[in-house]
Amino acid sequence: DATRLVAAGEKAAQDARRATRWFRVFVIAQAAYALAFTLSLDIAKVDYWKAFAPFLLVTLCIWMIAFRYRESIPRHGLRNMGIAVATWFALYTLMLDPAMQSFGLSSPWWWVLAGVISITPILACLFASSRR
């Protein structure tokens, strides 16, 4: 009887991990779109609103999907992602972009580095320590 209960507990834990796998895809998608937004502004020189509109549309879509499946989100997952996206936006818009422009760093590699650095708060939500 105890063996059966342990097996049932292990199966429940495995099913719970499987149910939350989609959250990693959500985090990676948000990070990819954030990086694409920053690179389109500074490397491709797309107009701000022409880059922001698709970014906002995609972000709203993936967040609506996340809210739809919020029962299977890891604990504090949406809160952590909200904080991470706000941090990304502030970090890039208020700190890195103006600093790089004031120093005259125009190489695309500097902008890629700034974009990667700015999405690190979003990518931090991938790790289990941020979801406990």
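Side-chain atoms are counted along with the backbone in the values below, which use heavy atoms only and exclude waters and symmetry mates.
- Note: F55 and W88 have tilted aromatic rings, judged against thresholds of 30 and 60 degrees for the angle between ring planes.
- The shortest non-hydrogen separation linking I122 to V27 is O-CG1, 3.3 Å.
- The cluster map of Ile, Leu, Val, Met, Phe, Trp and Tyr, joined by side-chain heavy atoms under 4.5 Å apart, puts L41 and W110 in the same cluster.
- When side chains are defined from C-beta on, F89 does not count as touching L94, because their heavy atoms never get closer than 4.5 Å.
- R68 and E71 make their closest contact through O-OE1, 3.7 Å (heavy atoms, listed as atom of the first residue, atom of the second, distance).
- How far CG of L78 is from OH of Y69: 14.0 Å, rounded to the nearest 0.5 Å.
- The environment of CZ in F26 is crowded: more than 12 heavy-atom neighbours from other residues, nucleotides or ligands sit within 6.0 Å.
- Hydrophobic clustering (side-chain heavy atoms under 4.5 Å, transitive across Ile, Leu, Val, Met, Phe, Trp, Tyr) keeps Y33 apart from L57.
- Heavy atoms of other residues, nucleotides or ligands lying less than 6.0 angstrom from NZ of K45 number more than 12.
- Within 6.0 Å of atom OH in Y48, more than 12 heavy atoms from other residues, nucleotides or ligands are found, so the atom counts as buried in its surroundings.
- With hydrophobic clusters built from ILVMFWY side chains whose heavy atoms lie under 4.5 angstrom apart, V25 does not share a cluster with F67.
- Considering CE of M81 and OG1 of T87, their distance stands at 11.0 Å, rounded to 0.5 Å.
- Under the 4.5 Å side-chain contact rule for hydrophobic residues, I65 and L60 share a cluster.
- Under the 4.5 Å side-chain heavy-atom criterion for Ile, Leu, Val, Met, Phe, Trp and Tyr, L113 and F103 are members of the same hydrophobic cluster.
- Separation of atoms OG1 (T38) and CG (L96) is listed at 9.5 Å; rounding is to 0.5 Å.
- More than 12 heavy atoms of other residues, nucleotides or ligands shown are found within 6.0 angstrom of CH2 on W63.
- Here S118 contributes atom OG and W111 contributes atom CH2; the two are 10.5 Å apart, rounded to the nearest 0.5 Å.
- Rounded to the nearest 0.5 Å, atoms CD1 (I28) and SG (C125) are 11.5 Å apart.
- Here W109 contributes atom CH2 and I43 contributes atom CD1; the two are 8.0 Å apart, rounded to the nearest 0.5 Å.
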